Amino acid sequence: MTHHSKRYVALKVMYFGQRFYGFASEAQMDPTVESEIFNALEKTRLLVGDKKESQYSRCGRTDKGVSSVGQVIALFLRSNLKETDQNHKITGELFPEARIEGEIDYVRVLNRVLPSDIRTLGWSPVSIDFSARFSCLAREYKYFFWRGNLNLSAMENAGKKFLGEHDFRNFCKMDAANVHNYRRRITQFEISSSNMSFEGGQLCAIKVKGSAFLWHQVRCMVAVLFMIGQGLESVDVIDILLDIEKTPRKPQYAMAPETPLILQSCEFEDVKFICSSDSGQALRIHLENEGRAYQLQSAIFQEAALSCLPLAKDQSLLNDGTIKKVTSHIPLLSRPTEPSYEERRAKLNSRR
């Protein structure tokens with residue numbers, strides 16, 4: 001590899017997260033999206049050195065089961081472009097960012113060896129001070145759900161209360177050891193309906209955009225919105241949970257399921273991702289074939305559902321399509337609470 005030129009590039013990546021233990025590989029659980037990507041980089045001999053030497057960065061650490069159509073990573077990769085010194089020897093130095101003619105088709109090369117549920121969507125030359133994490137201007141998430149009997153108007157009114165900068169410690173999984181600032185800015189929130197349906201149920205999506213998000217923040221936000229949509233909580237509960245003076249301890253509640261959540265996009269200044277026409281055509285064909293395969297699976301499940309016995313009287317169909325016995329709802333503000341940030345810090349300090 002010392003005889004190869006290299007350049008610093010950003011890669012735009014999509015993945016269907018159902019079989020992965022999240023994106024990042026630090027948890028020592030396999031498979032992860034990251035481990036599969038690095039396996040592909042090694043197979044294709046694109047990797048220059050190990051992960052640390054490649055100056056690797058990633059935009060987001062999506063959790064187990066979460067998907068993405070816009071994840072971004074950055075690292076040094078082997079390049080076709082030759083940079084020479086006065087003696088016409090390859091120096092391995094960097095190239096001007098704008099030079100792309102004659103470069104390796106990173107999308108095509110990687111997609112030939114990646115598993116079918118991961119695809120490279122594009123690449124872009126970037127400067128060496130670029131960080132996929134810290135250079136990101138905004139991240140957008142989408143959460144899909146079946147409308148059922150949910151009150152979308154109430155959910156949208158509640159969701160608008162998230163807009164602006166707030167302390168979201170009651171809408172996340174708190175990591176008091178590493179995170180000390182729980183203020184985040186939400187710049188966009190909307191709920192939309194799609195033309196997809198199943199058994200008469202309409203598919204909808206919640207879109208949330210912000211500069212950065214806390215651990216499990218979107219899934220916690222969605223969980224409370226579902227309670228509001230079911231008429232179990234008032235729209236005003238959002239204001240109460242965002243007021244950490246009134247509510248310093250998070251009520252205990254289950255997060256929304258992870259599978260319907262996707263990292264939709266990561267925005268950067270002056271980064272334009274490239275995909276050759278041949279690679280783009282192959283990518284479209286692959287995604288269409290994968291979509292048809294999942295539609296066939298859906299048809300099989302639908303046939304199975306049609307052959308089932310009627311539901312028992314004590315069961316109901318929830319908005320996420322799961323069957324669960326009806327239980328009485330305990331209001332959020334009447335539930336047991338988790339320790340506050342201050343209490344968590346005091347406990348950590350007592351151990352030192």
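Just so you know, these numbers use all the heavy atoms, side chains as well, and skip hydrogens, waters and symmetry mates. Quick caveat: nothing in here was measured; it's all calculated off a predicted structure. Residues: numbered from 1 along the sequence shown.
Proximity of a side-chain donor or acceptor of S135 to a complementary backbone N or O of A132 within less than 3.5 Å is not detected. Formation of a donor-acceptor pair under 3.5 Å by the T44 side chain with backbone atoms of L110 is not found in this model. Panel note: side chain N170, backbone T247; a donor-acceptor pair is recorded below 3.5 Å. The backbone N or O of P339 lies less than 3.5 Å from a partner atom in the side chain of R344, making a donor-acceptor pair. R133 places no side-chain N or O within donor-acceptor distance of the main-chain N or O of G60, the cut-off being under 3.5 Å. Between the side chain of T187 and the backbone N or O of K209, at least one donor-acceptor pair lies under 3.5 Å. At least one donor-acceptor pair under 3.5 Å links the side chain of S68 to the backbone N or O of L263. Side chain of Q217 to main chain of L214: a donor-acceptor pair is present (N/O by atom type, distance under 3.5 Å, no hydrogens or angles). With hydrogens and angles disregarded, no donor-acceptor distance shorter than 3.5 Å links the side chain of T120 to the backbone of V13. Side chain of E233 to main chain of L332: a donor-acceptor pair is present (N/O by atom type, distance under 3.5 Å, no hydrogens or angles).
The hydrophobic clustering, which links ILVMFWY residues whose side-chain heavy atoms are closer than 4.5 Å, places F171 and I244 apart. When the side chains of ILVMFWY residues are joined at heavy-atom separations under 4.5 Å, either directly or via intervening members, M255 and F20 end up in two distinct hydrophobic clusters. V72 and I128 end up in the same hydrophobic cluster when Ile, Leu, Val, Met, Phe, Trp and Tyr side chains are linked at under 4.5 Å. Hydrophobic clustering (ILVMFWY, side-chain heavy atoms < 4.5 Å, transitive): V179 and M221 are in one cluster.
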| field | Derivation of the side-chain hydrogen bond (donor to acceptor under 3.5 Å, both in side chains) call for S79 and E103 | value | CA-CA 6 Å; S79 172; E103 186 54 281; 2.6 Å; yes

| field | Residue pair F213, F168: steps toward the ring pair (Phe, Tyr, Trp, His ring centres under 6.0 Å) verdict | value | CA-CA 9 Å; F213 291 85; F168 283 93; 8.3 Å; no

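Checked against a 6.0 Å centroid threshold, the rings of Y8 and F76 count as neighbours. Aromatic rings of Y294 and F16 (six-membered ring for Trp) have centroids within the 6.0 Å cut-off, being under it.
Partners of E343 by salt bridge (Lys or Arg N to Asp or Glu O under 4.0 Å), not counting sequence neighbours, listed by chain and number: R249. By the salt bridge (Lys or Arg N to Asp or Glu O under 4.0 Å) test, E156 pairs with no residue at all, sequence neighbours left out. In this structure D63 satisfies the salt bridge (Lys or Arg N to Asp or Glu O under 4.0 Å) test with no other residue, sequence neighbours excluded.
No salt bridge links E267 with R139; every basic N to acidic carboxylate O contact stays at or beyond 4.0 Å. Ion pair E34/R61 not flagged as a salt bridge, since none of the NZ, NE, NH1 or NH2 atoms sits closer than 4.0 Å to an Asp/Glu carboxylate oxygen. The pair R219-E258 counts as a salt bridge, with a side-chain nitrogen and a carboxylate oxygen less than 4.0 angstrom apart. Look at K52 and D50 and you find no salt bridge, because none of the NZ, NE, NH1 or NH2 atoms lies under 4.0 Å from a carboxylate O. Salt bridge absent: R108 and D278 never bring a charged side-chain N and a carboxylate O closer than 4.0 Å.
Between I262 and V66 there is no side-chain heavy-atom pair separated by less than 4.5 Å.
Residues C220 and K250 come closest through the heavy atom pair SG-NZ, 3.7 Å. The minimum heavy-atom distance linking H166 with L242 is given by the pair CB-CD2, 3.8 Å. Closest non-hydrogen pair, C266 versus G70, comes out as SG-O, 3.3 Å.
Atom CG of N149 has 12 or fewer heavy atoms from other residues, nucleotides or ligands within 6.0 Å. Atom NZ of K160 has more than 12 neighbouring heavy atoms from other residues, nucleotides or ligands inside a 6.0 Å radius. Within 6.0 Å of CD on E269 lie no more than 12 heavy atoms contributed by other residues, nucleotides or ligands. Heavy-atom neighbours of R112 CZ from other residues, nucleotides or ligands within 6.0 Å: at or below the threshold of 12. The local environment of CG in L333 is crowded, with over 12 non-hydrogen atoms from other residues, nucleotides or ligands closer than 6.0 Å.
The CE atom of M155 lies 11.5 Å from the CE atom of M227; values are rounded to the nearest 0.5 Å. Atom CG of L296 sits about 9.5 Å away from atom OG of S298, to the nearest 0.5 Å. We find the OG-CZ distance between S131 and R58 to be 10.5 Å, quoted to the nearest 0.5 Å. Taken from SG in C136 to CZ in F268, the straight-line distance is 4.5 Å, to the nearest 0.5 Å. Between the CD atom in E53 and the CG atom in L75 there is a gap of 12.0 Å [rounded to 0.5 Å]. Atoms CZ and CD1, on F145 and I191 in that order, are 5.0 Å from each other to the nearest 0.5 Å.
The closest side-chain donor-acceptor pair between H180 and Y341 falls under 3.5 angstrom. Residues Y106 and S279 have side chains that never bring a donor and an acceptor to within less than 3.5 angstrom of each other. Side chains of Q18 and T259: no donor on one and acceptor on the other come within 3.5 Å. Side-chain contact check for R284 and Q281: at least one donor-acceptor pair (N or O, by modelled atom type) lies under 3.5 Å.
Both the sub-6.0 Å distance and the 45° axial angle are satisfied by K51 relative to the ring of F38.
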